[in-house]
Amino acid sequence: MSFDGVPQHQVQVALDRLLASPDFQASERNKRFLRYVVEETLAGRDDRIKAYSIATLVFERGEDFDTMKDTIVRIEAGRLRRALDIYFLKHDDAGLRISIPKGSYVPSFQCQAASLPPAVCPSTAADPPASRTRALQQGAPRIWVEPFDLNGDTDAYPLIAGTLARQVIAALTRFTELFVYGLDTSEHACRAAACPAGAMGLEIDYRLSGAVTITKQSLIAEILMRREDDGRFIWAQSFEREVEGGRDPSHIVSLCAEIAGHVARIVALRDGIVDGQARLLSGSDPRHFAGYQKLLDFQDYWRTLDAARFDPIRRDLEAAIAAEPGFSAAHACLSMLYTNAARFGYDVGDSCAAPLERALDLARKAIRLAPSSSHAYHARALAEWFLGQRDECLQTLKTARALNPNDPELMAEMGFRLAARMDWESGVPLLEEAYARSPLLTGQYRMGLFLYHFAHGRHEQALGELRAVDAPGVGHVHLAAAAALAALGRDDEAHRRLARAEQLATGVFGRLQEDLAFSSFHPDLIAAMAQALSGVNREWSDQAPPDRCAGATR
């Protein structure tokens with residue numbers, strides 16, 4: 001006999017192995033629950049698996065058990081489902097997956113097909129089937145947030161699970177490169193008991209599920225993310241927050257907002273869960289990803305500002321917006337590239353005589369196409385900064401952060417720009433918090449922390465920040481290092497850094513003050529940098545400034 005196409009003996013072996021595993025984090029009662037429903041199914045008595053039978057035979061409730069008054073079976077079933085999900089997240093090679101679908105207590109059995117490894121190294125992925133790339137060809141991975149389960153003090157806070165689910169949806173929708181099914185869809189599913197996304201006709205790529213447990217001392221949220229096409233869980237995490245102030249409702253809601261923001265950053269940030277999956281599934285053939293792959297390519301460039309990658313990505317993005325004029329994210333990325341063309345002096349040939357004006361036009365169009373896109377406002381702010389519109393830039397960054405307070409890069413960008421104006425009190429905390437929230441954030445914004453330590457004579461700390469910048473092909477990074485080394489009296493090392501800066505960008509030393517002024521650095525910072533470098537290689541200081549060329553970091 002077989003069940004869901006799986007031989008009976010294989011199900012029994014898998015059940016015994018699962019129950020014996022230390023990784024199966026279920027209570028003894030729920031282990032009995034699982035054994036009961038599986039063995040009843042194997043015996044052909046799945047029609048008897050009801051809340052009443054589970055309560056009386058497994059949980060030892062009396063014969064007067066009332067499913068309407070006592071929700072123990074529903075609550076424990078939710079906990080058992082999550083324990084199973086987490087186990088199979090860790091053991092995706094287990095061979096057979098046992099699950100308990102929502103809306104029933106009858107288990108389901110599924111053979112685990114050989115699946116892709118976790119999203120950590122795209123080079124290990126085989127060329128993906130068409131079904132796995134369908135959504136990303138359309139430009140945006142699609143996420144559905146299931147209604148969350150509620151455990152614990154359900155009478156005091158009956159709506160807390162729905163509150164968290166809504167806040168997770170709201171936090172994710174701020175990342176406009178994703179498509180997240182809205183609040184109305186999730187709440188409709190809440191009303192339609194156990195209505196799966198597929199039954200509602202939704203096309204989804206990933207689903208988030210979870211549960212909220214509230215006690216007198218704490219709020220605990222368990223969140224899981226599953227890839228829809230193969231059912232594989234790709235992420236799970238538990239968040240626990242202490243409940244203070246007598247469990248004031250506003251405090252509970254603020255805790256939900258904090259957890260939702262954290263979930264959004266993990267899932268949606270650059271190189272987060274969705275990006276990792278996208279890179280994994282792209283294989284070696286970028287045509288599978290169309291527009292979304294171009295955004296990942298841009299992120300790779302933006303991380304290190306590698307000059308060799310600039311023009312190929314620029315050409316790809318030009319082609320992308322020509323093919324898809326409504327692709328807001330591509331317009332924003334292309335805008336940032338043209339801003340870099342101006343700040344680094346890149347030659348863009350006959351395609352654009354005024355890169356900054358082109359950058360501003362592209363950013364404005366990105367905003368028109370997607371008025372809620374924080375990325376589009378980020379692009380506009382950069383163009384404004386290098387056009388000398390400092391106040392406008394900072395106001396635009398405030399707008400971007402209001403649209404998406406969960407994006408640490410916007411926080412870091414504002415912190416860097418404020419640091420460049422020597423507004424340490426405002427800028428430095430933003431930079432520090434941005435890197436605390438996202439330690440793998442591109443290192444280029446650490447230049448603001450370099451400036452802070454350099455201006456205060458902490459030159460060793462300044463060098464430490466430069467090491468984390470990770471932009472070895474940018475001339476001004478080496479020039480900044482030379483200034484700090486010279487201030488420390490390490491002239492030989494300073495000379496080597498200057499030589500490397502000149503190799504990357506001929507004449508960069510001679511035009512130092514011009515470049516920093518173009519970048520709207522505070523005059524006192526410009527003077528301090530020039531003073532530190534003045535005695536290192538005086539013969540370079542007398543060179544006539546050549547035309548601007550690649551290599552400056554502004």
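The figures here come from the full heavy-atom set of this structure, side chains too, leaving out hydrogens, waters and symmetry mates.
T396 contributes no side-chain N or O that, together with a main-chain N or O of A381, makes up a donor-acceptor pair within less than 3.5 Å. T173 contributes a side-chain N or O that, together with a main-chain N or O of I169, makes up a donor-acceptor pair within less than 3.5 Å. With S104 contributing its side chain and V106 its backbone, the two residues share a donor-acceptor pair below 3.5 Å. Checking side-chain atoms of S53 against main-chain N and O of K50 turns up a donor-acceptor pair under 3.5 Å. Of the possible donor and acceptor atoms, none in the side chain of S218 sits under 3.5 Å from a partner among the backbone N and O of I220. The backbone N or O of I100 lies less than 3.5 Å from a partner atom in the side chain of R81, making a donor-acceptor pair. Judged purely by atom type and a 3.5 angstrom limit, S373 uses its side chain to pair as donor or acceptor with the backbone of A376. Under a 3.5 Å cut-off, the side chain of Q167 and the backbone N or O of A257 do form a donor-acceptor pair. Side-chain atoms of E433 never come within 3.5 Å of backbone atoms of M411 as a donor-acceptor pair (strictly under, hydrogens ignored). A distance-only check finds no donor-acceptor pair linking the side chain of H262 to the backbone of E258 [under 3.5 Å].
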**Study point:** Trace of the side-chain contact (heavy atoms from CB on, under 4.5 Å) decision for L431 with R446
**Key:** CA-CA 7 Å; L431 287 164; R446 288 190 180 273; over 6 Å; no
Review point. Passes side-chain contact (heavy atoms from CB on, under 4.5 Å), L84 versus F24? Steps please.
Key: CA-CA 7 Å; L84 288 167; F24 183 45; 3.8 Å; yes
Exercise for review: Go through the steps for E409 and W302 under the test side-chain contact (heavy atoms from CB on, under 4.5 Å), then give the verdict.
Suggested key: CA-CA 11 Å; E409 183 154 8; W302 195 250; 2.8 Å; yes
Exercise for review: Walk me through it: do E413 and H378 pass the test side chain to side chain donor-acceptor pair (under 3.5 Å)?
Suggested key: CA-CA 8 Å; E413 184 70 68; H378 186 184; 2.8 Å; yes
Point to revise | salt bridge (Lys or Arg N to Asp or Glu O under 4.0 Å) evaluation trace for E28 with R32 | key: CA-CA 6 Å; E28 288 302 317; R32 295 197 304 271; 5.7 Å; no
Review point. Going through the checks in order, is the salt bridge (Lys or Arg N to Asp or Glu O under 4.0 Å) test met by R48 and E40?
Key: CA-CA 8 Å; R48 300 186 188 179; E40 285 293 284; 5.1 Å; no
Practice item. Assess whether salt bridge (Lys or Arg N to Asp or Glu O under 4.0 Å) is satisfied between D85 and R97, documenting all intermediate values. Key: CA-CA 9 Å; D85 289 343; R97 178 186 176 86; 3.0 Å; yes
Review point. Passes side-chain contact (heavy atoms from CB on, under 4.5 Å), W235 versus V267? Steps please.
Key: CA-CA 9 Å; W235 172 67; V267 170; 4.1 Å; yes
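In this structure, CZ in F298 is found 11.5 Å from CZ in R309, a value given to the nearest 0.5 Å. Atom CE of M414 and atom CG of L430 lie 7.5 Å apart (nearest 0.5 Å). Of the inter-residue distances, the one linking D306 atom CG with I313 atom CD1 reads 8.5 Å to the nearest 0.5 angstrom. Here the CD1 atom belonging to I54 is positioned 6.5 Å from the OH atom belonging to Y36, to the nearest 0.5 angstrom. Atom CG of residue L164 and atom CG of residue L219 lie 7.5 Å apart, to the nearest 0.5 angstrom. The structure places OG1 of T213 at 7.5 Å from CG of L150, a figure rounded to the nearest 0.5 Å.
Taking the ring centre of F233 as origin, the terminal cationic atom of R227 falls outside the region bounded by 6.0 Å and 45° from the ring axis. Geometrically, R29 engages F59 in a cation-pi contact defined by less than 6.0 Å to the ring centre and at most 45° from the axis.
When all heavy atoms of L96 and A14 are compared, the pair lying nearest together is CD2-CB, 3.4 Å. When all heavy atoms are compared, the tightest approach of Q8 to L42 is NE2-O, 3.7 Å. Scanning all heavy atoms of the two residues, the minimum distance from A412 to L441 falls at CB-CD2, 3.7 Å. Taking all atoms of both residues into account, the shortest heavy-atom contact from A330 to I321 is CB-CG2, 3.7 Å. Annotation for A379 and A332: closest pair CB-O, 3.5 Å, computed over non-hydrogen atoms. The two atoms that bring I49 and P107 nearest to each other are CD1-CD, 4.3 Å, heavy atoms only.
Looking at R226 and Y206, their side chains never come closer than 4.5 Å, going by heavy atoms from C-beta outward. You'll find the side chain of R437 reaches within 4.5 Å of the side chain of R265, heavy atoms only. Under the 4.5 Å side-chain criterion, counting only non-hydrogen atoms from C-beta, V428 is in contact with L449. Taking the side chain as every heavy atom from C-beta outward, F148 and T163 never approach each other to under 4.5 Å. At a threshold of 4.5 Å between non-hydrogen side-chain atoms, the residues F109 and T41 count as touching. Within the 4.5 Å cutoff, side-chain heavy atoms of I367 are placed close to those of R380. Counting heavy atoms from C-beta on, the side chains of L295 and C333 come closer than 4.5 Å. Here the side chains of Q25 and R82 are not in contact, with every heavy-atom distance at 4.5 Å or above.
The existence of a salt bridge linking R303 and D300 is confirmed by a sub-4.0 Å separation between a basic side-chain nitrogen and an acidic carboxylate oxygen.
Taking the six-membered ring where the residue is Trp, Y181 and F179 present perpendicular rings, their angle passing 60° and hence far from 30°. Below 30°, between 30° and 60°, or above 60°: for Y52 and F65 the angle between ring planes is between 30° and 60°, a tilted geometry.
For the salt bridge (charged side-chain N to carboxylate O under 4.0 Å, His left out) test, residues two or more places apart in sequence or in another chain that qualify with E39 are R35.
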